[in-house]
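Because the structure is predicted, anything quoted here is derived from the model rather than measured.
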Amino acid sequence: MGNYNSIEKVISAEIMRTNEDNLLANRICNTAFIGDIKNRGDSVTFVGLNDPTVYDYEGSVTYEDIQDAATTLYIDQDKAFSFKVKDIEALRSTLGLKDSQAKRASYNLKKVVDTYVFGLYGDAGTVLDALTVTPSNVLQLIGEVKETLEKANVQDGRTWIVVPPFVKTKLMLAGIKFQINNGINGSGTVGFTDELGCDIFVSNQLAVSDNVTYMLAGSYSAIAYAEQVLETQFIDRLEDSFDSAVRGRIVFGAKVIKPEELVCAPITDGGNSIA
């Protein structure tokens with residue numbers, strides 16, 4: 001049994017490590033919550049401070065109480081994976097490899113979580129006019145997104161933009177150089193702090209409807225996100241076969257807490273011709 005417990009711990013650690021490295025929800029969201037997550041239905045609290053009031057100084061000062069601006073986030077998403085294992089030694093030998101079953105399970109969890117978070121685009125405080133994106137106007141699109149956020153006092157260094165792969169291609173054709181650490185299925189991280197004044201992430205998990213992709217941009221405080229990998233279990237023998245099995249669960253929740261710092265841009269692919 002100690003052998004099995006060891007496998008469970010390794011798989012659980014691999015899932016959490018892969019999520020930390022690849023889950024965009026962990027990169028762009030506010031994850032500084034207070035509270036414990038033990039199951040779906042739990043809630044956690046995101047605590048912030050209200051802004052101090054600026055007043056005319058006339059020789060004396062008055063100290064105001066800065067009340068906590070607390071937000072409650074409910075953990076209402078519960079996802080699981082499970083797969084059969086015919087050879088326990090084969091499973092053990094693949095742990096830590098890029099294409100191991102444990103990593104594939106984690107990548108699939110990542111896609112589900114990111115899809116959920118990016119599906120919150122309807123709660124964005126600003127929705128830009130729909131645009132057909134080409135290499136000729138892609139920088140105009142990025143500029144409009146950044147200007148909208150700057151009007152909400154989101155400055156350079158605090159801005160992220162999640163783009164689909166076709167926007168990445170147009171940015172490259174417009175002369176922007178990518179330094180990307182590719183994840184799976186086209187998702188990765190791109191740092192553009194010097195060139196564009198924001199962090200750009202590439203993902204296939206943005207919401208799409210009727211060929212329209214809902215690109216998202218915001219501050220690192222706009223969306224609250226909390227997760228917990230609940231359990232990873234190894235089952236020695238399934239009842240209906242001689243196979244062993246691995247299963248695991250993750251619960252999470254996400255919520256837009258600063259809609260004024262979140263922008264949605266409905267876009268379509270206009271091709272890569274350079275006018």
Side-chain angles (χ1 to χ4, degrees), residues 20-33 46 48-51 69 71 73 113-131 133 135 137-183 186-207 213-226 254-267:
E20 289 174 358
D21 291 343
N22 295 277
L23 187 65
L24 292 190
N26 273 330
R27 302 286 189 91
I28 67 171
C29 296
N30 179 354
T31 59
F33 63 87
F46 287 77
L49 294 177
N50 291 318
D51 292 337
T71 298
L73 174 66
V113 173
D114 280 347
T115 297
Y116 180 84
V117 171
F118 299 153
L120 300 175
Y121 68 89
D123 294 331
T126 301
V127 179
L128 301 181
D129 292 336
L131 179 68
V133 185
N137 66 11
V138 67
L139 291 179
Q140 174 186 338
L141 169 65
I142 300 299
E144 186 176 359
V145 167
K146 287 194 76 259
E147 180 182 0
T148 302
L149 289 171
E150 286 171 359
K151 288 179 178 178
N153 296 317
V154 181
Q155 302 302 318
D156 286 359
R158 294 183 53 227
T159 302
W160 55 263
I161 305 176
V162 180
V163 305
F166 70 79
V167 169
K168 169 195 166 186
T169 299
K170 291 161 182 50
L171 284 168
M172 293 174 66
L173 291 172
I176 300 299
K177 295 180 181 179
F178 274 60
Q179 290 184 344
I180 184 166
N181 177 20
N182 273 312
S187 295
T189 308
V190 185
F192 278 157
T193 303
D194 292 335
E195 279 191 275
L196 298 179
C198 59
D199 298 321
I200 293 186
F201 302 88
V202 183
S203 177
N204 280 323
Q205 309 322 129
L206 288 165
T213 300
Y214 294 92
M215 193 177 87
L216 271 183
S219 77
Y220 286 97
S221 301
I223 304 174
Y225 172 74
K255 178 181 181 180
V256 176
I257 58 176
K258 291 188 176 181
E260 71 279 6
E261 297 183 7
L262 189 66
V263 177
C264 174
I267 57 174

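Distance check: Thr126 OG1 to Glu144 CD gives 10.0 Å after rounding to the nearest 0.5 Å. Atom CG of Leu196 sits about 11.0 Å away from atom OG1 of Thr159, to the nearest 0.5 Å. The line from SG of Cys198 to CD1 of Ile142 is 6.5 Å long, rounded to the nearest 0.5 Å. The distance from the CG atom of Asp114 to the CG atom of Leu206 is 9.0 Å, given to the nearest 0.5 Å. Atom OG1 of Thr115 is separated from atom CG of Asn204 by 9.5 Å, given to the nearest 0.5 angstrom. Expressed to the nearest 0.5 Å, how far CG of Asn153 lies from CD of Glu261 amounts to 8.0 Å.
Side chain of Trp160 to main chain of Ile200: no donor-acceptor pair is present (N/O by atom type, distance under 3.5 Å, no hydrogens or angles). In this structure, Asn30 contributes its side chain and Ala222 its backbone to no donor-acceptor pair below 3.5 Å.
Between Asn26 and Val113, every side-chain heavy-atom pair lies at or beyond the 4.5 Å cut-off. Side-chain contact between Ser221 and Ile257: absent, with no pair of heavy atoms (C-beta onward) separated by less than 4.5 Å.
Taking both residues in full, the closest heavy atoms of Leu120 and Lys255 are given as CD1-N, 4.0 Å, listed atom of the first, atom of the second, then distance. Here the shortest heavy-atom pairing between Ser203 and Pro165 reads O-CD, 3.6 Å. Minimum interatomic distance between Pro164 and Thr213 (heavy atoms only, all atoms of both residues): CG-CG2, 4.0 Å. Heavy-atom minimum distance, Ala217 versus Ile161: CB-CG1, 3.7 Å. Counting all heavy atoms, side chain and backbone alike, Pro259 lies closest to Asp123 at CB-O, 3.5 Å. Across all their heavy atoms, Val117 and Cys29 have their closest contact at CG1-SG, 4.0 Å.
Annotation for Gln140: atom CD does not count as buried by contact number, only 12 or fewer foreign heavy atoms lying within 6.0 Å.
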Point to revise | Intermediate values then yes/no, side-chain contact (heavy atoms from CB on, under 4.5 Å), Tyr225 and Ile28 | key: CA-CA 9 Å; Tyr225 172 74; Ile28 67 171; over 6 Å; no
Practice item. Could you walk me through whether Val167 and Val202 pass side-chain contact (heavy atoms from CB on, under 4.5 Å), step by step? Key: CA-CA 9 Å; Val167 169; Val202 183; over 6 Å; no
Check your understanding: How far apart are the C-alpha atoms of Leu128 and Cys264, what are their side-chain angles, what is the distance that settles it, and do they pass the side-chain contact (heavy atoms from CB on, under 4.5 Å) test?
Key -> CA-CA 6 Å; Leu128 301 181; Cys264 174; over 6 Å; no
Practice item. Just do the side-chain contact (heavy atoms from CB on, under 4.5 Å) check on Met215 and Val145 with the steps written out, would you? Key: CA-CA 10 Å; Met215 193 177 87; Val145 167; 4.1 Å; yes
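Aromatic ring pairs are classed by plane angle as parallel below 30°, tilted from 30° to 60° and perpendicular above 60°; the pair Phe46 and Phe33 is tilted.
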